[in-house]
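None of the values given here were measured: they were computed from a predicted structure. Computed over heavy atoms, backbone and side chain alike; hydrogens, waters and symmetry mates excluded. Remember, it's 1-based here, ligands and their atoms both numbered in the order they're listed. Residue indices begin at 1 and follow the sequence shown.
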Amino acid sequence: MKKPLIVANWKMNFTIINAIVFLQKFRELVQHANATVVLCAPFTVLSALRYELKKGENSLAVQLRQPVFLGAQNLHYQEGGAFTGEISAPMLRELATYVLIGHSERRKLFHETDSDIHKKIIAAHAVGLTPILCVGTFVGQKEGLVSSFVEKELQQQLQNCLTGVSFANGQKLTIAYEPPDAIGSGNAADPQRINHVCYFIRRQLDQMFGTKIAAETKLLYGGSVNSKNAKEYVQHKEIDGLLVGSASLDVEEFVRIVKSCQ
Ligand code: PGA
């Protein structure tokens with residue numbers, strides 16, 4: 001049975017106290033989920049969340065709890081230096097397991113290019129972080145299969161972001177497919193079409209990196225996911241999990257999403 005990967009993207013929300021209350025409540029409500037859960041939190045709360053997760057880790061009660069992994073939402077591709085206000089991969093490695101790279105808001109609001117994103121993936125891999133590469137194209141409203149235009153644009157994004165990335169030392173990759181018109185709009189994309197897009201992405205990965213990497217790379221859907229539609233996505237063969245934005249800010253709704261995916 002597949003174990004879905006459910007990633008919360010908190011974006012620019014939550015102070016330390018909000019984040020700790022969320023985590024405590026989440027762990028109280030979810031004892032054993034058949035899902036891997038990742039919280040992509042602001043840089044400022046990662047340290048406190050990590051401390052909270054490690055608290056009492058030698059006790060059996062804590063070991064039996066649902067594991068929760070931490071993720072960041074961005075990084076700078078340089079290891080260090082005169083980059084005021086930025087955070088590097090070596091700094092994050094002490095705090096997180098995953099890092100979102102190339103989210104649609106970063107591309108749109110902060111003008112991140114595929115070339116920046118490529119460098120960020122290399123930087124994350126260099127320290128053993130798992131990048132969650134976000135890609136997206138407008139899927140459009142037409143029923144039926146995904147158009148060759150969408151496929152071409154996606155193929156271009158994947159090639160720009162991933163060409164030259166090495167998996168030789170066991171590096172891992174997750175890809176989140178998020179159509180920009182589905183993010184924060186309440187217009188979640190059709191699950192069947194997303195399954196088709198994920199199949200297409202996997203075929204591209206197969207051509208670029210071979211069958212093993214294509215099979216091991218988790219493919220997520222993101223865009224207006226909530227507890228009513230979550231299960232429809234993960235039931236599809238090619239969709240390994242979800243990237244959840246606004247619905248991940250309400251702990252009870254997020255718990256419903258995680259539980260609905262088991
Ligand atoms: P949303 O955001 O769930 O609020 O649509 C998803 C995302 O931006 O990753």
Side-chain angles (χ1 to χ4, degrees), residues 4-14 18-19 22 26 35-43 45-46 68-75 96-112 114 117 120-121 124 129-141 154 157-158 161 173-191 193-195 197-198 201 217-234 236 239-261:
L5 176 62
I6 313 293
V7 182
N9 176 9
W10 286 351
K11 308 190 179 183
M12 195 173 73
N13 294 289
F14 288 176
N18 299 146
F22 181 107
F26 179 81
T36 304
V37 175
V38 180
L39 303 178
C40 290
F43 294 135
V45 308
L46 284 171
V68 173
F69 295 91
L70 297 180
Q73 300 172 12
N74 183 31
L75 50 66
T97 312
Y98 291 83
V99 55
L100 290 173
I101 295 183
H103 186 275
S104 145
E105 283 148 20
R106 297 229 39 103
R107 293 177 191 253
K108 195 166 130 205
L109 304 173
F110 303 98
H111 314 295
E112 259 181 38
D114 282 350
I117 291 163
K120 291 181 180 204
I121 292 171
L129 286 164
T130 300
I132 303 176
L133 164 64
C134 302
V135 293
T137 48
F138 290 93
V139 198
Q141 301 302 322
L154 246 183
Q157 278 186 31
L158 292 169
C161 297
L173 176 69
T174 293
I175 296 179
Y177 177 73
E178 300 198 296
D181 48 345
I183 297 177
S185 64
N187 296 322
D190 175 56
R193 300 183 89 189
I194 297 301
N195 190 54
V197 172
C198 288
I201 294 175
T217 299
K218 300 254 184 247
L219 302 182
L220 315 180
Y221 166 71
S224 298
V225 170
N226 57 40
S227 60
K228 296 205 171 66
N229 61 23
K231 190 173 181 174
E232 288 178 55
Y233 294 101
V234 295
H236 279 83
I239 308 174
D240 300 311
L242 301 164
L243 180 54
V244 188
S246 55
S248 74
L249 297 175
D250 172 350
V251 66
E252 283 171 11
E253 172 67 352
F254 189 62
V255 165
R256 282 194 289 273
I257 291 173
V258 170
K259 287 190 170 168
S260 75
C261 290

Side chain E253, main chain N226, donor-acceptor under 3.5 Å: no
Identity and separation of the nearest protein heavy atom to atom 3 (O) of ligand 1: G245 N, 2.9 Å
Contacting atoms of ligand 1, where contact means under 4.0 angstrom from a heavy atom of G184: 1 (P), 4 (O), 5 (O)
Heavy-atom gap S224 to ligand 1 smaller than 4.0 Å: yes
Donor-acceptor pair, side chain of N229 and main chain of S224, under 3.5 angstrom: yes
For N9, the ligand 1 atoms whose distance to one of its heavy atoms is below 4.0 Å: 9 (O)
L243: numbered ligand 1 atoms lying under 4.0 Å from its heavy atoms: 9 (O)
Step-by-step side-chain contact (heavy atoms from CB on, under 4.5 Å) determination, V135 to R107: CA-CA 10 Å; V135 293; R107 293 177 191 253; 4.2 Å; yes
From L173 atom CG to T217 atom OG1, the distance as rounded to the nearest 0.5 Å: 4.5 Å
Pairwise distance CG(L133) to NE2(H103) - rounded to 0.5 angstrom: 11.5 Å
Y221 side chain to A189 backbone, donor-acceptor under 3.5 Å: yes
Shortest heavy-atom approach to atom 2 (O) of ligand 1 - which of E105, K11, E178: K11
Contacting atoms of ligand 1, where contact means under 4.0 angstrom from a heavy atom of G223: 5 (O)
Ligand-side contact atoms (ligand 1) for residue partner S246, heavy atom cut-off under 4.0 Å: 1 (P), 3 (O), 4 (O)
